[in-house]
Amino acid sequence: QYRRCYSTRPPSVSLLGKEYPTDKTTNITSAIADKVGRNLYMNPSHPLGILHALVSSHFRDFNSMVGLPPVVTPAQNFDDLSFPPDHPGRAVTDSYYLNDSAMLRTHTSAHEVETFARGERRWLLSADVYRRDEIDASHYPVFHQMEGARVFASGAEGRAELEADNARLAGELARARIAIEDVPHVSPTNPAQAAHDPVLAELVAQNLKLSLNSLMLSLFGDHAGGEAGEPLRVRWIEAFFPFTTPSYEVEVFFRGKWLEILGCGVVQQQTLDRANVPNSISWAFGLGLERIAMILFSIPDIRLFWSQDPRFLSQFTAGQISTFKPYSKYPACYKDVSFWLSEAGLHDNDFCDLVRDTAGDLVQDVVLIDDFTHPKTKRSSKCYRINYCSMDRSLSNEEANEVHAQVIASLKDKFGVEIR
Ligand code: FA5
Ligand code: MG
């Protein structure tokens, strides 16, 4: 397998300052290794960071964990979660391996056992995950997931807590504008676990559904994009995961399409047993941050999340959902012009018209970056930053300089300004 990626296998690969001896399973590429450690979701004004904060604040009494290193053992990623030995996810064609005992996690569920083992009862865990997958606008080999889980006592105490919490959540949702297409909590094709009291298992499944419907409402309720008065539409579907049963997937109807947002279910008792958590029952979910952020921010291509272009990053503000405005995929070329105004002055719009007249569609945007009046002479000066960028080709710096020189010449000519 590695022979297709490397002409000779290096004796070891290094990641996050650690050396891993290679073997025949090694298939991590440098393009993937370069993404490790970017931690996009930790930037509070990146769309993934904004979404991460929204989900954390919705589950405000959950302990929200970040920053766990992405290298795990196949045991953590698969065996601890009861994946069968022949599961296709284990193949080198589906996952990235450093060697046969170290891999990049393919999902945040890889940290379930260690987190339950620490005694966490309500927790969130966000991280970068890695999969060898198809390439298109909504699939990328690195993406981000947020895992959430809640543990209840399995006796009468847990039952009372669940009944109270379910009544509270159901009351909130009954007042909200949300239309839910449901499936039975438990069915022959989506059974409860033999180890569980059937009544308790249903209460846990119901609590999971109510908790996630409430999350969908706080994320999408104001952004459903439908006709005024139209409720948010959420659809529950039976699913299968080796580490939960019953299991579900949740889809949200947004701008005319059903989108898969998350997978979830009642945690397999073996997982809690491996974590040494006795007398307990738990639900868990794993949501895809990119999928949700693409919807909320109207981001059309998953590659944009990795952009370091200020035209992307500057569009987002911590704590705010905003609509992304697409820009040219060709590089921007910024040129500044600063000048003293004549007595007649110069309105921003006059300046923009002049630039538009001279540079045509090569200009993408114009920003006033300085506006200054000299305290003694009372003369005013302005500085504008012009972004020259073609919609359909790469503009050379020489070409941008030429156009910029024409802008300056007509500025002097039409408005009698003095260039600084
Ligand atoms: C999982 O990864 C499970 N670990 C989720 C889970 C957690 C189930 C806890 C039960 C309990 P899945 O492979 O379906 O499931 O991925 C979950 C979400 O990640 C998907 O709904 C989708 O939103 C997102 N996702 C999956 N693959 C990609 C991809 N290649 N690019 C972007 N997002 C993806
Ligand atoms: Mg899925």
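Position 1 is the first residue of the sequence; numbering continues from there. Just follow the structure's listing: the first ligand is 1, and inside any ligand the first atom is 1. Source: prediction; values computed, not measured.
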Report task. May I ask whether W283 places a heavy atom under 4.0 Å from ligand 1? Result ->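 Contact absent.
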Hey, can you tell me if [X] and [Y] have their rings parallel, tilted or perpendicular (30° and 60° cut-offs)?
X	Y	result
Y327	F324	perpendicular
Y140	W306	parallel
F241	F243	tilted
F312	F305	perpendicular

Atoms of ligand 1 close to [X] [distance to a heavy atom under 4.0 angstrom, numbered from 1]:
X	result
F285	7 (C), 9 (C)
E260	14 (O), 20 (C), 21 (O), 23 (O)
I261	21 (O), 23 (O)
L262	21 (O)
C264	8 (C), 10 (C), 11 (C)
G288	18 (C), 19 (O), 23 (O), 24 (C)

Requested in this report: Take E161 and R122 through the test salt bridge (charged side-chain N to carboxylate O under 4.0 Å, His left out) and record every step on the way to the result.
Outcome: CA-CA 13 Å; E161 184 186 1; R122 298 165 187 232; 3.5 Å; yes
Report task. Give the C-alpha distance, both sets of side-chain angles, the deciding distance and a yes or no for side-chain hydrogen bond (donor to acceptor under 3.5 Å, both in side chains) between H58 and S214. Result -> CA-CA 9 Å; H58 179 82; S214 164; 3.2 Å; yes
Does an N or O from [X], backbone or side chain, lie closer than 3.5 Å to an N or O of ligand 1?
X	answer
E112	no
T244	no
E290	no

Query raised in the report: Does NZ or CZ of K382 fall inside the cone over F351's six-membered ring, less than 6.0 Å from its centre and within 45° of the axis?
Result: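 Judged by the rule, K382 and F351 form no cation-pi pair.
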Run down the list [options] and name the one with the heavy atom closest to [atom].
atom	options	answer
atom 12 (P) of ligand 1	R131, M146, E147, Q268	R131
atom 4 (N) of ligand 1	S109, A239, G286, G148	S109
atom 6 (C) of ligand 1	S247, S282, G263	G263

Requested in this report: Specify the closest pair of heavy atoms between Q193 and T245, including all atoms of both residues, with the distance to one decimal.
Outcome: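 Taking Q193 first and T245 second, the nearest heavy atoms are NE2-O, 2.9 Å.
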Report task. Could you point out which residue of R38, R105, H144 forms a side chain to side chain donor-acceptor pair (under 3.5 Å) with D128? Result ->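 Result for side chain to side chain donor-acceptor pair (under 3.5 Å) with D128: R105.
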